[in-house]
Amino acid sequence: MLDIRLIRAEPEAVRQALSRRGEAAAIDELLALDARRRELITQSEQLKARQNQASEEISRIKREGGDATPIIAEMKDISARVKGLDAECRSVESEMEAMLAKLPNIPHESVPDGLSEECNVPVDQWGEPRTFDFPPRPHWEIAEALDILDFERGARIAGSGFVLYKKGGARLERALINFMLDMHISRHGYVEMYPPFLTRSEVLYGSGKLPKFADDMYHVQLDDLWLNPTAEVPITGIHVDEILPPGSLPLKYVAYCASFRREAGAAGKDTRGLIRLHQFDKVELFQFTEPERSYDALEEMLRHARAVLEALELPYRVLNCCAGDIGQAASKMYDVEVWAPGLERWLEVSSVSNCTDYQARRSNIRFRREAGAKPELVHTLNGSGIALPRTVIAILENGQREDGSVSIPQALRPYMGGMEEIRLEG
RNA sequence: GGAGAGGUGGCUGAGUGGUCGAAAGCGGCGGUUUGCUAAACCGUUGUAGGUGUUAAAGCCUACCCCGGGUUCGAAUCCCGGCCUCUCCGCCA
């Protein structure tokens with residue numbers, strides 16, 4: 001959510017900034033509604049002031065045993081007018097709210113121009129893609145031969161887009177979760193959280209997913225709950241409506257959480273293997289910071305996501321995403337992409353975003369710099385640290401050997417009970 | 001799922017449909033006193049919107065879980081929702 005006061009003060013700047021994202025924002029309509037709203041409030045409040053005066057008078061007259069009938073009759077009329085004004089004001093407000101809720105965050109000046117992912121700018125690369133002396137296979141071939149992933153049975157259970165992890169595959173998934181959580185807790189100073197997987201509409205609204213992305217999520221209608229599309233949602237929800245006391249920032253949280261996406265618009269895209277699933281595991285990094293610190297925190301979180309891939313010895317690159325490709329709530333976003341030699345392509349395993357005060361305003365999350373100081377909105381940042389299925393792809397495809405076995409990265413072996421490789425079990 | 005109780009300011013806790021933004025206590029902050037600490041005493045103590053201003057002060061309005069309603073007037077009455085607690089049932 002953008003600050004209406006910013007739009008009021010600098011409408012042209014906002015219009016221009018949003019047009020970088022390909023967003024034709026209806027600034028004029030918003031401003032007209034805003035003006036109307038304030039006019040209605042002024043009128044209504046003037047009448048309310050009279051009501052309050054009259055109310056005291058009525059009470060006094062009655063106490064003194066006088067006749068308050070005439071003034072009550074007059075107030076009846078005023079009361080009706082106040083109701084009318086307030087009703088109109090509510091409808092103007094909800095219209096404004098609906099428009100405002102759809103506007104994305106303003107991109108930072110360091111965000112490159114461009115409307116599609118082709119315009120994302122590579123800013124760094126780590127590791128050398130391995131050369132093979134045999135044709136590298138895609139992960140689904142490796143995994144099905146090892147009997148560690150079962151797409152057919154996953155579909156039998158829950159439909160296409162769901163996978164059954166088996167044996168070494170299931171263990172690899174569990175090991176990765178623990179490995180990542182431990183790294184972020186002990187080396188990067190995050191506090192571990194384990195949130196509910198289902199969230200309420202209000203929380204989704206607060207993190208910017210509703211109303212715009214309702215079709216991309218699973219909705220449990222009977223209870224009006226949503227399967228969260230990313231742990232970012234429940235973590236944002238932790239501090240909704242709070243004023244954080246002085247000294248509490250930054251708050252750094254890490255959470256494992258399954259994520260659920262309907263992928264409604266993605267039919268036919270990346271349907272094979274683990275690239276795009278309706279349910280996937282993710283370890284999520286999140287920070288609540290002071291406003292002036294958030295861009296430093298963004299760089300820090302990017303380092304934390306990269307550290308996972310480096311520990312796993314997986315080659316990756318970093319992209320500074322262009323204005324048209326950053327998330328709705330983000331003002332700046334980096335993508336981290338791992339190299340998948342079997343697929344011969346880069347796969348996004350992390351998105352690290354600074355959402356500035358966009359989510360904080362919607363979720364009403366504030367802090368005080370010192371005791372007695374005015375509450376200010378915090379800045380929120382989220383980043384995958386990192387998404388699991390594509391990391392599994394990279395481990396399988398980078399670690400594959402000609403005999404079909406897969407070498408497990410050193411750092412992960414303690415989490416796999418000392419296993420050094422995955423082979424076909426008897 | 002069934003039956004009941006309840007949600008008041010940072011906390012505890014009063015509150016009759018009318019001078020209630022709300023008693024009292026605690027805590028916090030400031031001050032007096034004291035060699036220092038403690039105690040005592042005095043004062044102060046939220047959030048948001050509108051208006052105003054160079055900025056502020058000031059003024060107005062709203063907020064007693066949230067949203068509606070009744071009424072000239074709602075913390076108080078009615079309806080819906082959310083949450084907490086107790087008992088029963090079910091269950092890992």
Selected nucleotide, minimal atom distance to [X] side chain, candidates [options]:
{"X": "A:Glu56", "options": "B:rG18, B:rU19, B:rU47", "result": "B:rU19"}
{"X": "A:Lys62", "options": "B:rC72, B:rG49, B:rU47", "result": "B:rC72"}
{"X": "A:Asn52", "options": "B:rU61, B:rG18, B:rG50", "result": "B:rU61"}
{"X": "A:Gln51", "options": "B:rC72, B:rG49, B:rU51", "result": "B:rC72"}
{"X": "A:Arg200", "options": "B:rC83, B:rG49, B:rG18", "result": "B:rC83"}
{"X": "A:Arg90", "options": "B:rC72, B:rG68, B:rU47", "result": "B:rG68"}

Contact class for [X] (heavy atom, under 4.0 Å): base, sugar-phosphate, or nothing?
{"X": "A:Ala54", "result": "nothing"}
{"X": "A:Arg8", "result": "sugar-phosphate"}
{"X": "A:Ser55", "result": "base"}

Nearest-Å distance, [atom1] ([X]) to [atom2] ([N])?
{"X": "A:Leu47", "N": "B:rC72", "atom1": "CG", "atom2": "C1'", "result": "13 Å"}
{"X": "A:Leu225", "N": "B:rC82", "atom1": "CG", "atom2": "C1'", "result": "12 Å"}
{"X": "A:Glu93", "N": "B:rA48", "atom1": "CD", "atom2": "C1'", "result": "12 Å"}
{"X": "A:Ile61", "N": "B:rG18", "atom1": "CD1", "atom2": "C1'", "result": "12 Å"}
{"X": "A:Met75", "N": "B:rC72", "atom1": "CE", "atom2": "P", "result": "12 Å"}
{"X": "A:Asp223", "N": "B:rC83", "atom1": "CG", "atom2": "P", "result": "10 Å"}
{"X": "A:Ile58", "N": "B:rU71", "atom1": "CD1", "atom2": "P", "result": "15 Å"}
{"X": "A:Lys76", "N": "B:rG73", "atom1": "NZ", "atom2": "P", "result": "9 Å"}

[M] and [N], which share atom name [atom1], separated by this distance in whole Å:
{"N": "B:rU44", "M": "B:rU54", "atom1": "P", "result": "31 Å"}
{"N": "B:rG6", "M": "B:rU19", "atom1": "P", "result": "25 Å"}
{"N": "B:rC87", "M": "B:rU12", "atom1": "C1'", "result": "27 Å"}
{"N": "B:rU16", "M": "B:rC78", "atom1": "P", "result": "14 Å"}
{"N": "B:rG7", "M": "B:rC64", "atom1": "C1'", "result": "10 Å"}
{"N": "B:rU8", "M": "B:rA22", "atom1": "C1'", "result": "9 Å"}
{"N": "B:rG80", "M": "B:rC26", "atom1": "C1'", "result": "37 Å"}
{"N": "B:rU70", "M": "B:rC77", "atom1": "C1'", "result": "8 Å"}

Discussion item. For A:Glu152, I'd like to know if atom CD has over 12 heavy atoms of other residues, nucleotides or ligands within 6.0 Å.
Written reply: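 12 or below, so no.
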
Pairing nucleotide - [N], Watson-Crick or G-U, each distance under 3.5 Å:
{"N": "B:rA62", "value": "B:rU47"}
{"N": "B:rA3", "value": "B:rU86"}
{"N": "B:rA39", "value": "none"}
{"N": "B:rG9", "value": "none"}
{"N": "B:rG18", "value": "B:rC72"}
{"N": "B:rC91", "value": "none"}
{"N": "B:rU33", "value": "none"}

Under-4.0 Å side-chain N/O to phosphate OP1/OP2 contact, [X] with [N]:
{"X": "A:Arg38", "N": "B:rU51", "result": "yes"}
{"X": "A:Arg60", "N": "B:rC72", "result": "no"}
{"X": "A:Ser79", "N": "B:rG73", "result": "yes"}
{"X": "A:Lys374", "N": "B:rA48", "result": "yes"}
{"X": "A:Arg366", "N": "B:rU47", "result": "no"}
{"X": "A:Lys83", "N": "B:rU70", "result": "yes"}

Worksheet item: Under a 4.0 Å N-O cut-off, is there an ion pair linking A:Glu376 with A:Arg368?
Response: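 Salt bridge absent between A:Glu376 and A:Arg368.
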
Hey, what's the ring geometry for [X] with [Y], parallel, tilted or perpendicular (30° and 60° as the breaks)?
{"X": "A:Tyr194", "Y": "A:Tyr256", "value": "parallel"}
{"X": "A:His188", "Y": "A:His304", "value": "parallel"}
{"X": "A:Tyr253", "Y": "A:His239", "value": "parallel"}

Worksheet item: When you measure from the centre of the six-membered ring of A:Tyr316, is the NZ or CZ of A:Arg306 under 6.0 Å away and within 45° of the axis?
Response: no

Worksheet entry | Heavy-atom side-chain proximity of A:Lys332 to A:Ser353 below 4.5 angstrom | no

Worksheet entry | Side-chain heavy atoms of A:Glu29 within contact of A:Glu95, under 4.5 Å | no

Item to complete: Using the closest heavy atom to pick a nucleotide of RNA chain B for each, name whichever of A:Ala73 or A:Arg50 lands nearer the 5' end.
Response: A:Arg50

